[in-house]
Every structure is written in C-alpha cells, then in structure tokens.
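Comments concern the structure below.
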Amino acid sequence: MPELPEVETQVRDLQILVGHKILTVTTDTPKAFRPTFTIFQKCIEGKKILAIERRAKFLVFTLTKNWKMIVHFRMTGHFLLAKNSAPLEKCIRHFFQISGGTVLQFSDIRKFATLELVAPNTKSVSLEKLGVEPLDREFTFLKFREIIKKKKGKLKAFLLDQKNVVGIGNIYADEICFASSIHPAAEIQNLSEVDLKNVFREIKKQLKKGIRNRGTTIGEYVDACGQSGRNQLSLMAYKRHGQECQVCGTLLQKMKIVQRTTSFCPRCQIKI
DNA sequence: CGGACGGCCTGGGAGC
DNA sequence: TGCTCCCAGGCCGTCC
C-alpha cells in the first residue's frame with residue numbers, strides 16, 4: 001500500500017522526466033481518469049513536465065501553462081520507467097510516451113488508482129482538505145499538539161485521518177504506535193505529554209526510515225525501476241499478529257480499528 | 001457532525 | 001486438483 005515513503009520514493013525516481021514532453025497517453029482503463037479519459041488525453045498530450053512533487057499520498061505533475069496531473073496510487077498503483085511499451089508487469093493499465101524515448105508505464109492490479117487533470121487556476125478538490133505534511137519543518141511538536149488536542153477518538157484513527165497529518169496509512173500507523181509503546185486503540189484524550197512527544201517523534205522517524213529503505217514492499221509495491229523496497233524487513237508490528245514481539249517475545253495480537261486490521265503487542269503497548 | 005459501513009477491484013490464500 | 005469464498009485496504013458517499 002503506497003504511503004508517504006513509497007510515494008516519495010517514486011517521486012524521486014521520476015525526476016528524470018522533468019523537462020520532457022508527454023507525447024501520447026493510452027489506456028485500457030479509462031475509468032481511472034478525471035474528468036474523462038478523452039478530455040485528459042486531449043489536454044495532456046504535447047505538454048511538458050515542469051515539476052513532479054509529492055503532496056500527502058498524491059503525486060502532483062506540473063505541466064506547461066500550469067496544467068496539473070494529480071495521481072493517487074490508492075492500493076496497488078505505481079509507475080514504472082521503461083525503454084519501450086513492452087509491459088514490464090502484468091497489470092499495466094496506462095502508457096505515457098515521453099520525449100527522449102522513455103515510456104512511463106502505470107501498473108495497478110486493483111484499478112483503484114486515479115489520474116486527475118486540473119486546469120490552470122483551478123483548485124483540486126482532492127488536495128483541499130489535506131492536513132499537515134509530517135516531514136515539513138513547520139510540523140513542530142507544538143503544531144502537532146495543537147492538532148491532536150482538538151481531537152477525540154483512538155490514536156490509530158487519528159493517524160490514518162488525512163485531515164490531521166498526511167501520508168500515514170495502515171503500515172506506518174501500526175509501526176508508529178508500536179515504536180511509541182502506545183496501544184493503537186488508546187484514547188487520544190488519555191495520552192500524556194510524554195506520550196504525545198513519543199508519537200510526534202515516531203511519526204517523523206518511521207516515515208524517514210521508510211524513505212531511507214525505499215519503501216515497504218508487501219505484495220506489489222516497487223519503485224519506478226521495478227525494485228522492491230526494504231522496509232518490510234524491519235517491521236515490528238504491521239501484519240505480525242500471531243508472531244513473537246521482537247522486544248519482549250509476547251505474541252502480537254490483532255484487532256480492527258476503523259475497519260483496518262491492526263497488529264500490536266499487548267505487553268509493550270499497554271492500553272490506556 | 002461523526003462514526004459505521006458499503007463500494008470500488010483483483011489476486012492470493014484458506015477451506016472444502 | 002479445482003472450486004468458492006473471503007480478505008487486503010485508501011478514500012468517498014451514504015446512512016443513522
């Protein structure tokens with residue numbers, strides 16, 4: 001599941017496309033495009049890529065005359081850089097022919113991913129409601145405390161909600177809770193100042209570690225060159241229910257929080 | 001307003 | 001071996 005580190009890794013790999021033109025776009029899954037594939041194709045072909053950036057779990061391509069292409073990978077989407085249009089994987093849905101001979105392929109097993117075209121001087125609805133970027137300098141502990149103090153509910157639900165802090169999904173949420181030694185179902189209101197400091201520190205730490213490891217590969221995520229990430233090799237909690245805690249040896253348990261499978265250590269993460 | 005839940009999808013694994 | 005069923009999950013829309 002591409003979360004902040006996986007999207008960030010892809011964005012960094014795709015920088016070689018900046019300055020190049022999108023010549024053609026083809027698809028066998030037109031449903032993925034907004035507003036429609038026909039309009040998307042008509043407006044995007046011939047435009048130059050001026051910048052590729054990440055905002056939350058979105059990739060934002062800035063094109064000629066400030067047109068934008070906003071991509072969300074959802075569960076299984078990812079880009080692949082290729083030399084020609086021979087599919088590098090089974091589930092290639094879209095092809096972008098780029099000037100200079102590169103083909104940008106888009107793979108997406110479950111067809112949940114979306115590619116949205118945004119006209120100049122138009123706001124993208126999807127980017128409007130997003131919360132703060134956890135790796136920005138302006139995301140300080142004071143800022144974090146200000147955000148979380150306004151909220152009620154379970155810690156994991158807070159971490160997953162993109163209106164609070166962006167970029168955290170099921171994998172990193174479990175890792176952040178574990179590394180903070182806080183139960184994922186702990187009520188936010190019951191967290192102490194020390195707890196908040198730990199959560200704040202681990203949000204930054206776990207996401208940075210994910211980026212350093214070029215992402216977490218569970219199932220299908222790969223970088224733009226088709227290589228797996230390495231972060232799955234050092235996970236402490238995510239999907240480890242039934243296995244021993246690597247700190248205390250207790251068997252990790254699982255539960256559902258906001259419909260998400262959640263793994264945690266009942267001894268290290270004492271419920272508050 | 002907010003929490004719960006269904007829908008979107010497909011491949012892989014479990015169970016029979 | 002082969003069939004069916006269930007599950008994974010980000011995000012949105014709907015309902016209570």
Side-chain angles (χ1 to χ4, degrees), chain A residues 1-10 27-37 54-60 70-79 87-94 106-116 118 123-131 133-134 147-177 184-189 207 210 215-222 228-229 231-232 235 237-243 252 254-264:
Chain A
M1 296 95 247
E3 302 178 28
L4 187 151
E6 291 73 37
V7 178
E8 181 65 28
T9 300
Q10 284 252 319
T27 185
D28 66 4
T29 313
K31 270 186 74 172
F33 294 85
R34 308 278 187 278
T36 67
F37 177 66
R54 181 188 59 72
R55 170 73 176 110
K57 299 176 196 171
F58 293 86
L59 295 91
V60 181
I70 299 179
V71 178
H72 197 299
F73 290 148
R74 292 299 202 276
M75 313 300 304
T76 56
H78 57 267
F79 281 111
L88 293 176
E89 292 180 3
K90 270 188 288 186
C91 299
I92 305 293
R93 311 295 182 194
H94 328 302
F106 191 94
S107 171
D108 186 19
I109 294 175
R110 282 180 231 178
K111 301 184 179 177
F112 281 0
T114 54
L115 298 89
E116 181 190 6
V118 179
K123 288 195 173 173
S124 160
V125 187
S126 29
L127 300 186
E128 287 274 274
K129 307 151 280 182
L130 293 173
E133 283 289 337
I147 297 168
I148 200 168
K149 282 288 185 191
K150 288 181 197 154
K151 297 285 178 175
K152 292 187 290 188
K154 298 178 170 57
L155 175 60
K156 179 158 173 180
F158 172 86
L159 293 172
L160 290 175
D161 190 337
Q162 303 297 300
K163 291 194 288 297
N164 302 325
V165 180
V166 301
I168 301 166
N170 211 30
I171 299 172
Y172 294 94
D174 277 6
E175 295 302 299
I176 290 164
C177 290
E187 292 294 326
I188 287 172
Q189 294 145 298
L207 293 174
T216 303
T217 298
I218 305 275
E220 52 288 303
Y221 171 77
V222 288
S228 293
N231 205 53
Q232 67 281 4
L235 295 179
Y238 177 72
K239 260 194 178 169
R240 293 197 72 252
H241 49 85
Q243 299 177 45
L252 297 195
K254 76 167 169 176
M255 67 184 294
K256 287 265 186 188
I257 299 177
V258 282
Q259 338 286 74
R260 298 292 177 315
T261 303
T262 301
S263 300
F264 64 98

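Reminder, nothing fancy here: chain letters follow the sequence lines and each chain counts from 1.
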Could you work out which one of dA8(C), dC12(C), dC8(B) sits closest to the side chain of Tyr238(A)?
-> dA8(C)

Could you state the atom-to-atom distance from CZ of Arg260(A) to C1' of dC12(C) in whole Å?
-> 12 Å

Taking the six-membered ring for Trp, does Phe112(A) stack with dC8(B) (centroid gap under 5.5 Å, planes within less than 30°)?
-> yes

Ranking dG11(B), dA8(C), dC9(B) by distance to the side chain of Lys31(A), first place goes to dC9(B)

dG10(C), dC12(C), dC8(B): which one has an atom nearest the side-chain heavy atoms of Lys57(A)?
-> dG10(C)

Would you please test Asp161(A) and Lys163(A) for side chain to side chain contact (heavy atoms under 4.5 Å, CB included) and show each step?
-> CA-CA 5 Å; Asp161(A) 190 337; Lys163(A) 291 194 288 297; 3.4 Å; yes

Decide side chain to side chain contact (heavy atoms under 4.5 Å, CB included) for Asp174(A) and Lys156(A); before the verdict, give the C-alpha distance in whole Å, the side-chain angles of both, and the deciding distance to 0.1 Å.
-> CA-CA 8 Å; Asp174(A) 277 6; Lys156(A) 179 158 173 180; 2.7 Å; yes

Side chains of Lys111(A) and Thr29(A): is there a donor and an acceptor less than 3.5 Å apart?
-> no

Taken to the nearest 0.5 Å, the spacing of Arg54(A) CZ from Leu4(A) CG works out to 3.5 Å

What is the bend of the helix from dG2(B)-dC16(C) to dC16(B)-dG2(C) when you compare the axis at one end with the axis at the other, using five pairs each and rounding to 10°?
-> 60°

Arg74(A) CZ - dC11(C) P separation (whole Å) = 6 Å

Can you tell me how far C1' of dG2(B) sits from CD of Glu187(A), to the nearest Å?
-> 14 Å

Can you tell me the distance, in whole Å, between the NZ atom of Lys256(A) and the P atom of dG10(C)?
-> 11 Å

5'-most contact on DNA chain C: Phe58(A) or Lys239(A), nearest heavy atom basis?
-> Lys239(A)

Nucleotide of dG10(C), dA4(B), dG12(B) approaching Gln259(A) most closely (side-chain heavy atoms) | dA4(B)

Which nucleotide sits closest to the side chain of Lys90(A): dG12(B), dT10(B), dG10(C)?
-> dG12(B)

Judged by atom type as modelled, is there a donor-acceptor pair below 3.5 Å linking the side chain of Arg110(A) to the main-chain atoms of Gly77(A)?
-> no

Donor-acceptor pair under 3.5 Å: do we get one between Arg110(A)'s side chain and the base of dA8(C)?
-> yes

Test log, rule side chain to side chain contact (heavy atoms under 4.5 Å, CB included), inputs Phe158(A) and Ile147(A) = CA-CA 10 Å; Phe158(A) 172 86; Ile147(A) 297 168; 4.0 Å; yes

Round to the nearest Å and state the distance from Asp161(A) atom CG to dC11(C) atom C1'.
-> 11 Å

Quick one: sort the His94(A) and Phe33(A) rings into parallel, tilted or perpendicular, breaks at 30° and 60°.
-> perpendicular

At under 4.0 Å between heavy atoms, what does Tyr172(A) touch on the DNA or RNA strands: base, sugar-phosphate, or nothing?
-> nothing

Roughly, in whole Å, what's the span from CD in Glu89(A) to C1' in dT10(B)?
-> 14 Å

Under 4.0 Å between any heavy atoms, over every strand shown, what does Thr261(A) touch: base, sugar-phosphate, or nothing? Just pick one.
-> sugar-phosphate

Is a salt bridge present between Glu6(A) and Lys57(A), judged by a nitrogen-to-oxygen distance below 4.0 Å?
-> no

Identify which nucleotide among dG10(C), dT10(B), dC12(C) has an atom closest to any side-chain atom of Arg93(A), counting heavy atoms from C-beta outward.
-> dT10(B)

Counting heavy atoms from C-beta on, name the nucleotide in dC11(C), dG10(C), dT10(B) closest to the side chain of Ile109(A).
-> dT10(B)

Calculate the interatomic distance between His72(A) atom NE2 and dC12(C) atom C1'; express it in whole Å.
-> 11 Å

Atom CZ of Phe73(A) to atom C1' of dC8(B): distance rounded to whole Å?
-> 19 Å

Just checking Lys154(A): base, sugar-phosphate only, or nothing, at a heavy-atom cut-off of under 4.0 Å?
-> nothing

